[in-house]
Each structure stands twice: as structure tokens, then as C-alpha cells.
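Notes follow the structure.
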Amino acid sequence: MTKFLAEMSYKRQEIKKGYSDKTLHIDLSKLTIEENSVPKKVRDTFIGGKGYDLWLMWESLPKDRIVKWDEPENPLCIASGPLGGTMGYPGAGKSIVTAISPLTNIIIDSNVGGFFGPWMKYSGFDALRIVGKAEEPVVIVIDGVQEKVWIESAGDLPTESHILAEKLNEKYRNIDKETAKDDRLYVSVVSAGPGADNAYFGCLNFSWWDNRRKLNHIKQAGRGGTGTVFRNKNIVAIVAHSISVKLESQNPEDRDTARQVGRKHSSEILKLDPTQNKMRVIGTGHLPSIMSEFDLLPTYNFKYGRDDDGKDKSLWGDKYEKIFTNTGKGWDGCWRGCAINCAHCVEAFELETGPFKGQKVMVDGPEYETIAGCGSNIGIFDPLHVVEINFYCDTYGLDTISFGTATGFVMESYEAGILNKERTGGLDLKFGNFEDTMELMHRIAKGKDEFALIFAKGIKKMKVYFKANYNLSPEQEQFIQDIGMEHKGLEFSEYITKESLAQQGGYGLTLKGPQHDEAWLIFLDMVHNYIPTFENKADALCWFPYWRTWFSLNGLCKLPWNDVVPDDNKETDAPHKVPEHIQNYATLFESITGIPMGKTPEERENSLISRSEKVYQFQRVFQVRLGHGRRIDDSNIPYRAVGPVTFEEYESRMERYDKQLTEILGKSLEEVQQMPFEERHAITRKHREEHYNKLQDVVYKKRGWNHKSGVIKLEKAKEIWPDWLLKEVMPFIKDLQD
Ligand code: SF4
């Protein structure tokens, strides 16, 4: 018997020009459910998606104190966007999640596929805000078919995501009595897992139904611990159940143009993908070989950009092409209209370890970040072992990026003698030890082992713990500082940045911590060489974060923008921006929302960028409000991200570093090579750290931020925000001007 704890009936709002103009507010402490209208001024400024999430958080948090991640007031928000749920447009199925992160204590935002955001929108709500904590484990159901939202007791439901998605999809689908046709496709389940109860890097799984394979897939809102916040609120799952949907359900301003631009973009992808990245066959699994070729694939805790013995070849796309279950067998896209179809899976995978050992399961992925983070970065080169790590991370609700990067850190610490079996609870955490890596993960899910629980708090907290408890020498303390790949508390995603100043900025000068989705410049900088000068790199650190914000405002995936590009893209003035696709997005936005974007290509691009900048800069002020978002927070990225930490590392790429010294010092190679090794190593470090600081100065200037404080300048704030918003932010920025 279902035990209902609260219920709200409502009149489902028809979508008009991409918006329902309603938001859903749930308080789990008070067990209240309310719907609110979105004021026009909020819609005009924040657009939707992440913008709405941020505004819902801003207005809900108390202004007189800073709320910590595990307080009931921490709002967990999920939104779609005005373009989210557009049938037939590639990548238009994203949901954007925000909360105060357990890892960073600032706002984290995560952009995730699957159908939840669109199904919630078509059920009548552009965004959802959840505050409070439930007294018992609960499931929240948003049922657009019955026009009801309710909170029910989760009873004895298991929390492992692969089981939960199945059970709840089955429970909440409707079966048409006359045709026996069911609507499983229109049910999406959000869940975390038992690992998220104990780890600060808990992720959220968003499910969707694959009607050809007859199973549920999941995609992750991975970064920053949104799953941890979810479980801390005592939520087991959120379910959205929508009415059936077609393009017309958006009630677009201009349906024909929306359809046309969708068809154009989709047919281009279908034609060009086979000769470009083969996303439809191997997804982002095409990246390890390219990264390895350019010495950018994190290997052994970001020490090297490839395995010099070639072991990383076993993780390349050609291997995963054989492991992934035949694409033609099912639906491999995390949105129904997505021509890229890059979300591949491994069916009937037999598990070697853990509570489901011996069972055959379906595993979604692995994608590039998991292959690199849980493969080469921890010395695991068996592609099937990466699949197993992927499965358990997902079903336990653990972010594969944080898990992989943190495991790399403990493995290097173990090999350097900072950790030993006594300290790790008997685990032999050498690089490449798959069995003990799995044992560590299973211990996190069980939540009993002391070392596993220290590990599960992430690298930043581990560093503090190691220093406080292991009697380290000053050199060892410096060593773990240099090799612990976190910044602002968030673990680095999976790119070697030593030779890419642009990507160092793309990690260090981000709002939320080193996650590549804000400024994925590594490819443009190192593979294509599109941004060769210092000025180019600094400009890119303004334009790309603003542009990439635009996807999360609208409920879109970024991959269709630049993973398959027009044939003649290289011949354009700005191939790094993919100009034709920018115009596609301007057209789509205009045709759905009816908001004019301008006449010339420049006007239309500027119109998109200036809208995004407003929200990007607002998120920075939000971090200031939470006690961060200052210059110091962007400084001091770990030296492993900037240059070679150990002599061994320097020696492995000696020719490169020595040659760079000839340019820095104006000496010949022979003269450089005669210098003591320690001196070469030290000069390289000093030069590289100064270079990063210089980049920070220039980017701050371009973003309109104060040089010393790192907070937005008043004149910039007045230029970009309307008066009502200026009044909101002013108390947090006015005393932080240089
Ligand atoms: S491009 Fe890939 S990740 Fe993006 S929506 Fe399509 S299938 Fe999902």
C-alpha cells in the first residue's frame, strides 16, 4: 500500500512558445507542494534552465547567513529550458541541476541527458525547487497525465539506480486498456544510490525508456555532489510522467522554421558523422586515441599524457566499438530527436565483483571521461574493467570523474609511501589494481570502512586529513598539494593541461571548479591550434564560457554544436566557434520563443552571448554571496595541472621542457642542458605559475572583474543587468571593489 504524505492537484499549463511559465516548489520538512508563476522580468533575464535554477536558489536562501550544503535550506533545483523538449532537434532533452555542493560549498550546476526535464515541462513546470529534509525516505511524483504532484513514502524500495529506474518506470506507466499500448517512454526517474549516502561526490541518474531494447537507460548529472544533496534530503527518487508529445507541443512561434532548422542540422549530422568522429558508433569513446596522440590523456594521476608503452591503446574507440552492443538494436540517444545518438551501452555484461557479482546487467557507457578517469588515470587498461567501474559508480550514485581522479591521487600517494595497507584498511592501492579499486568502491556504498569514508569526501578533504594524521614531512605536504587534482574542492575532469595555458584557465577560472563543460579549450588549443596567441586564449576564456552557458539556459546538449561540424567549417573566419551552428541555434530560439535575435549574423551571435553573460556573471556573484568567488579562489591550481611535479615527470618529456627553457632564458639547448637539473625544474615551475597569474589578470579585465578582489566591477554590473537585479546583487559586491 502506498503511503501518501502530501498531494497537490493542479491544472496543467499548456506550453506556450517553449514555456509553461510555472515552477514547482516542494518543502520536504513541511511536506508542502506549491506552484508559482514565473514573473516576466525573471524570464527575460534568466531565460530558463540553469538561469531559472539559479534564480530559484537566490530568492530562497536566507540573505543574512551562508547556508551549508547539508542544511535543509540548501535548494536542489532541476529545470529544462525553452528549447528543451523540442522534438526533432538534436540534443534538446537536457535537464540542468543546481545545488550548493558538498565538495565546494558553492553552486554546482550539472547538465544531464535523459527525458526528465522535458517530461516535467510538458507536465506543466519549467523548473522544480526542493528544500527541507524528509523524515522518512520519499518518492516525489509529478504526474502530468493525472495533473497531480505528490510525495509518497519510499517504503522498502532499494536505492541502487538500475533496479529503481526499472521498478518505478513499471509502476508509473499507463497502459491503454483498448490497445494495450503502454507509455513507458513518457516516464523518467531521477535517483542517486547508496554510495551517494556516504560520498560527497554523489551523482544523480536520469532514466529514459528504450522501447526497442525494452529497458531503461540512465545518464548522470555527475559533478559536484547533487546526488549527495538529494540523499541528504531523504529522497529516493523523483518521477515525471508526461502526456505524449510532438513538436507542436512546444506551441512554437514559427513551427515550420523550427522543423526546417532541426531537419537541416540533423541531416548534416547523419551525413558527416561517419567521416568525422563516428559519434553514432562509439560516442565520446573516439577521444582517448586523439588525446593519447597529443599527449593529453591523463595517465597515472595526470602524470603523463599517454602510457609510453602503448597500454592505453586498449582503451581506444576501436576496442569499445566491439564491446558496445550493436547501435542498430536500440535507441542510443539520450533525447528522442537526437541524430548524434552517442549514448552507447553494453548489454548482458557479467559483473565480476560486488553485491551483483555473476549477474548480467546493462551498462550505459563508458564515455570518454570514465574511460580516461577510471582507466588510464588509475593504470587500468582492461576496457571491461572500466565497464564494471562504470556500472557500479552509476548504480551506487557516484561521479565517475571524481571517483577516478580521487583514486589516481590515492594510488600515487600509496606508491609514494604516504599511504600504506595499514592506512587504507588493507587495500593495496597500487596503480592498476582493479580488485582493490572495486573493493574501495563497494566499501563506500556500505559506508562502514574508515578509509573508504575519508576517500569519499574527495581530494580536498583527504589532503587535510593526511596532513593532520600522517605526520608528513614538509616535502610530502607539498607533494600531495601538487598532485591532488582538485580545485575549489572539485576533482579535475580528464585532460592533461600542462602544455595548454588556455585549458589551465578553462579549469582554474571557472565558476564551479575544474569541469570542462564551461571552457573545453583543450581541443581548440592543442589539437587544432585555433587559439595560438596569449590574447586568443584570454578572449576564448570569455567567449566560450558565455556561449556554453547558453546551452544550459535552454535545456540543450553541447555536442551537436561542435562534435559534428559543417564540411566547410575550416574555411570560415572563426572555425572554433562553428559559425553556421550558432546561426542554427539563433534561428531555433527565435522560432520557438518568438524573441527576435537580430538581422545580421553578428547581431544574432551577440544577442545569444549577451543573454548568457548576464547569467554567467550572476552565478559568479552568487559564489561571492556564498563567501567565495574571489581572486584567491581562482588562484593556485595544483602544479600538476601546470607543469611537471616530479623529476621523473620532467625527465619523461625532457626535450620539450628544455627546449622551452631555451626560449624563456634566451640560451642555447647545450647551455640549458648544462644547468643543474633542479634549477631547470625550478625555473620551469616559476615561469609557468607566473604565466597562469598573468592570464588571470587579463581574463579578469576582459570579464569586467576587479583585479584584486576578483568581484565584478560596478560599471560592468550596471552595464549588463536591469535595475531590479542590480538592487539584488549590490549588497554583495559594493564593498568588494578594488
Ligand atoms: S549528442 Fe549524445 S549526449 Fe547529447 S543529447 Fe544527443 S545522444 Fe545525448
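No experiment lies behind these values; they were computed from the predicted model shown.
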How about Phe466 and Ser413: do any of their side-chain heavy atoms sit closer than 4.5 Å?
-> yes
Does Thr437 reach the side chain of Ile378, with side-chain heavy atoms less than 4.5 Å apart?
-> yes
Quick one: do the [X] and [Y] side chains pair a donor with an acceptor below 3.5 Å?
| X | Y | answer |
| --- | --- | --- |
| Asp525 | Ser500 | yes |
| Gln619 | Lys50 | yes |
| Asn232 | Lys133 | yes |
| Thr405 | Glu491 | no |
| Tyr700 | Gln696 | yes |
| Tyr470 | Gln476 | no |
| Thr395 | Ser161 | no |
| Glu649 | Thr646 | yes |
| Asn111 | Ser552 | yes |
| Asp482 | Gln478 | yes |

Is there a ring pair (Phe, Tyr, Trp, His ring centres under 6.0 Å) between Phe622 and Trp55 once you walk through the steps?
-> CA-CA 10 Å; Phe622 211 150; Trp55 177 250; 9.2 Å; no
Minimum heavy-atom separation for [X] and [Y], please, with both atom names.
| X | Y | result |
| --- | --- | --- |
| Ala502 | Leu541 | O-CD2, 3.9 Å |
| Pro75 | Leu61 | CD-CD2, 3.8 Å |
| Gly227 | Ala192 | O-CB, 3.9 Å |
| Ala79 | Asp53 | CB-OD1, 3.3 Å |

Compute the centroid of each ring, for [X] and then for [Y], and state whether the two points are separated by less than 6.0 Å.
| X | Y | value |
| --- | --- | --- |
| Tyr320 | His344 | no |
| Tyr392 | His442 | yes |
| Tyr507 | His516 | no |
| Phe409 | Phe455 | no |

With Glu648, which residues qualify under side chain to side chain donor-acceptor pair (under 3.5 Å), at least two apart?
-> Tyr304
Residue pair Lys461, Glu486: steps toward the salt bridge (Lys or Arg N to Asp or Glu O under 4.0 Å) verdict | CA-CA 10 Å; Lys461 296 245 168 6; Glu486 62 80 23; over 6 Å; no
[X] side chain vs [Y] backbone, donor-acceptor pair below 3.5 Å:
| X | Y | value |
| --- | --- | --- |
| Lys233 | Pro72 | yes |
| Arg630 | Val624 | yes |
| Thr98 | Leu54 | no |
| Asn377 | Phe302 | yes |
| Arg443 | Leu453 | no |
| Arg703 | Gly710 | no |
| Glu369 | Glu494 | yes |
| Asn74 | Asp70 | no |
| Lys94 | Gly49 | no |

Should Arg688 and Glu499 count as an ion pair when the cut-off is N to O under 4.0 Å?
-> yes
Hey, are Arg620 and Asp634 close enough for a salt bridge, meaning a charged N less than 4.0 Å from a carboxylate O?
-> yes
Not counting sequence neighbours, list each pair that qualifies as a salt bridge (charged side-chain N to carboxylate O under 4.0 Å, His left out) and has a residue in residues 374-399.
-> Arg223-Asp399
Applied to residues 406-415, the salt bridge (charged side-chain N to carboxylate O under 4.0 Å, His left out) test, sequence neighbours excluded, yields Glu412-Arg640
List the steps and the verdict of salt bridge (Lys or Arg N to Asp or Glu O under 4.0 Å) for Asp109 and Lys512.
-> CA-CA 8 Å; Asp109 59 276; Lys512 63 187 170 199; 3.0 Å; yes
List for me each residue that meets side chain to side chain contact (heavy atoms under 4.5 Å, CB included) alongside Ser101, sequence neighbours excluded, and say none if there are none.
-> Leu103, Thr104, Ile108
Sequence neighbours excluded, the answer for side chain to side chain contact (heavy atoms under 4.5 Å, CB included) partners of Glu435 is Asn433
Among Thr424, Asp428, Asp436, Asn420, whose side-chain hydrogen bond (donor to acceptor under 3.5 Å, both in side chains) with Tyr414 holds?
-> Asp428
Only counting residues at least two apart or in another chain, list the ones meeting salt bridge (Lys or Arg N to Asp or Glu O under 4.0 Å) with Asp633.
-> none
Take Ile140 and Ile26 through the side-chain contact (heavy atoms from CB on, under 4.5 Å) test and state the conclusion after the steps.
-> CA-CA 9 Å; Ile140 297 167; Ile26 292 177; 3.6 Å; yes
Evaluate side-chain contact (heavy atoms from CB on, under 4.5 Å) for Ile106 paired with Lys488, printing each intermediate quantity in order.
-> CA-CA 9 Å; Ile106 51 176; Lys488 301 186 171 89; 4.2 Å; yes
Evaluate the ring planes of Tyr495 and Trp520, with Trp represented by its six-membered ring, and classify them as parallel (under 30°), tilted (30 to 60°) or perpendicular (over 60°).
-> perpendicular
Parallel, tilted or perpendicular: rings of Tyr616 and Tyr546 (30°, 60°) = perpendicular
